[in-house]
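Because the structure is a prediction, the values reported are computed rather than measured. Both counts, for ligands and for their atoms, begin at 1 and track the order of listing.
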Amino acid sequence: MTRQKKTDAPAPTVPASCNAPETRATMRGTIDNLLVEERVFRPLPRIAAEATVNPQDILAARKHADADWKGFWEEAADELQWFRKWETVVDETNAPFYRWFSGARCNIVHNALDRHIETVNKNRLALIWEGEPGDTRKLTYFELYREVNRFANVLRGLGVKKGERVLIYMPSLPETVIAMLATAKIGAVHSVVFAGFSSGALADRIEDAQPRAIVTVDGFYRNGRVIPLKPLVDEALQHCHSLVEAVVVVHRAHLDVAMHDDRDRWWHDVMLHQPTEALTEVVEANDPLFMLYTSGTTGKPKGIVHSHGGYMVGVHRTLNWVFDLKPTDIFWCTADPGWITGHSYVIYGPLMAGTTTLLYEGHPLYPEAGRLWSMVERWGVTILYTVPTLIRMLMRFGTQYPAGHDLTTLRLLGTVGEPISPEAWVWFYKNIGRGQCPLLDTWWQTETGMIMISPLPVSLLKPGSVTKPMPGIDVDVVDEQGNSLPPRTGGYLVIKRPWPAMMSTVFNDHAAYVDMYWSQFPGWYFPGDVARKDDDGYIWIQGRADDVIMIAGHRVGTAELEAALSSHPAVAECGVIGVPDEIRGEVAKAFVMLHDDLPPFGGYVQADDMETELMEHVRRELGPVAVLKAVEFRKELPKNRSGKIMRRILRAEEFGEDVGDTSTLEEGPFCLR
Ligand code: WTA
């Protein structure tokens, strides 16, 4: 079924106009592998026999979409229920502020929950949840529906109105799902903040989103420890201006947390005696559903806004096509609800599809490296969608853990979030998928809302390639002037046509939306990634083109890390770059100039102490997501004429590469790294 051959394919080159290393240095290991990767994995006969979408369907869909992309998405929209149909499939009059299904009336929660209550899905399991200590909870669609209705009544009772924000600072708990759906049900906008963020990061998000209410938890279990969360909310609220009138606290970890009488309420108290029915707010398709903060090139994360109509169509279609859902599936996407993958493919997608979604609270290696595999066995998971970082982590433990469990229920595997090396791909395919499960490497972003480039189960697979765009998606690799590049040439990934689940704007900053995504190539969306095609038109993602680094698949802006470091009193100036890390893919390295008037190393006796102090400071400022692995102290830092620190030079020095042309002093985001 497989063949393996190495070739001397020429290295991908980047546009000559860009004075930067050929490929992102931090991805070097992966890219080197990709250059010689020529293994192919042909569709498996068993999978092809049961596939809903076969290769002819894919061809026909591409043809349809190329001839009439609006008609193509209209058909996808017809698979869902609407209170009133659209006047226009996509209103382009104010592009790039596209309005999908303009004039339609809907609510995603109607499709994810309400409608199932009228069908055989009513008594199916919607959610299986496993806590880290091993406690479990299962909710049928009917039970989830009733819980969501109760919490929708709570939110209404707290005065939350349509369009207002509810901030949800929670780990993977059933209440997280309930709070998100209840918020959407009443037409309010949820903003989930990953529980791994610090109180400072939370305060920034509260200040920007101005939520009316916050939902949180006393604490949760992670890696055998209890992580308190509610105290971080108190701390954040002390340090920001906010409208927050109510904080609802889920009782999870038996922590004795301080409750402010006039503001804080226990979840179980407010849920008591709530009616189990609640009206679903009828919203316009372009009314906001949620916002999610993500890192870009600037110091502050941006609130990416998604709306009900387009998002539900895009997520519903892609989940059904990529994962070819069957009524017997148990779908496990290991993402946290605090990220877009959690929104689209842990919660909204699986629930719209009427499938059973599995949620896990804790650390994937707790209490030992077989936790994931024991969960696959325990629940009979059929589809496992995860991140390359986790695969790399698990590979270290060898095959004895997966071999000790029955993984035969698995029929499809998926990955997302960062490039996967062919080695990790093949390890996952062979040892977890037993060579029987297609491995679907999906490319997309917080901003795209839905999977954009991905194989389908019947596609021919090449380890390390995200294969081809989904039908309906028009992707190209271009040079800086926007010219299409020939195969085997690295360049900028662009999306040439709007798609339904696209973000609608940046919260409170419409100009940033245009500037960050639509100004580089007018008329096309620029995701910020570098890629190349091969001779078969397969796409190979090479990494980011901007100053975002992917730490364990999490986007962290170097500017954010620099801002966090600069807030330390000893730091005068600093520059941060991404460096390779065997497990996390990438981590941050800082180059720091300390204040002159301080004794050497800021008064700390040894450089190591100051280094540790700065690493801890960054962790305190941004949370454990921001892994700063090394600090190098410098007497000066390379700067351009306007005094901006040139990360490009720091990177070239770090990797012993040619510094390139230093006469172009400006280091903008629009330059390959
Ligand atoms: C990267 C995650 C290689 C990419 C859904 C993108 C990937 C960023 C892949 C978005 C993949 C995502 N292969 N790289 N399959 N999927 N990326 O917003 O750089 O957290 O721009 O969304 O992750 O990260 P985000």
Do Thr386 and Thr334 have a side chain donor and acceptor closer than 3.5 Å?
yes
So if I count the atoms of ligand 1 from 1 in the order they appear, which ones are less than 4.0 Å from some heavy atom of Thr442?
9 (C), 11 (C), 15 (N), 16 (N)
For Ser172 and Glu361, which I'm curious about, is there any donor-acceptor pair between the side chains at under 3.5 Å?
no
Tell me which protein heavy atom sits closest to atom 6 (C) of ligand 1, plus the residue, atom name and distance to 0.1 Å.
Asp529 OD2, 3.5 Å
Give a yes or no on whether the ring-centroid distance for Phe526 and Phe521 is below 6.0 angstrom.
yes
If you measure every N or O of Thr294 against every N or O of ligand 1, does any of those distances drop under 3.5 Å?
no
Mode of His554 contact toward ligand 1 - side chain, backbone, both, neither (heavy atoms, under 4.0 Å)
neither
Mind telling me whether Phe290 and His306 have parallel, tilted or perpendicular rings, with 30° and 60° as the class edges?
tilted
Would Gly528 count as a contact of ligand 1 if the rule is a heavy atom under 4.0 Å away?
no
Atoms of ligand 1 less than 4.0 Å from Ile541 heavy atoms?
3 (C), 14 (N)
Contact partition for Thr415 relative to ligand 1, non-hydrogen atoms under 4.0 Å
neither
Please list the nearest protein heavy atom to atom 8 (C) of ligand 1 with its residue and the distance rounded to 0.1 Å.
Met550 CE, 3.8 Å
When rounded to the nearest 0.5 angstrom, what distance separates CG in Leu167 from OG in Ser191?
4.5 Å
Can a non-hydrogen atom of Trp339 be found less than 4.0 Å from any atom of ligand 1?
no
Specify the protein heavy atom at minimum distance from atom 2 (C) of ligand 1: its residue, its atom name, and the distance to 0.1 Å.
Trp444 O, 3.9 Å
Checking heavy atoms under 4.0 Å, the part of Val548 that sits near ligand 1 is neither
Flag the pair Trp524 / Tyr492 as yes when their ring centroid distance falls below 6.0 Å, and as no otherwise.
no
Who's closest to atom 3 (C) of ligand 1 heavy-atom-wise, of Pro419, Ala531, Gly449, Ser465?
Pro419
What protein heavy atom sits nearest atom 24 (O) of ligand 1, and how far away is it?
Arg555 CD, 3.2 Å
For the aromatic rings, using the six-membered ring if either is Trp, is the centroid distance between Trp499 and Tyr525 under 6.0 Å?
yes
Output field: ring centroids Trp339/Phe194 closer than 6.0 Å
yes
Does CZ belonging to Arg497 count more than 12 external heavy atoms closer than 6.0 Å?
yes
Do the ring planes of Trp444 and Tyr345 sit parallel (below 30°), tilted (30 to 60°) or perpendicular (above 60°)?
perpendicular
For atom 16 (N) of ligand 1, what is the nearest protein heavy atom, given as residue, atom name and distance?
Gly417 N, 3.0 Å
Using a 4.0 Å heavy-atom cut-off, which part of Val466 comes near ligand 1: side chain, backbone, both, or neither?
side chain
Side chain or backbone of Glu418 under 4.0 Å from ligand 1, or both, or neither, by non-hydrogen atoms?
backbone
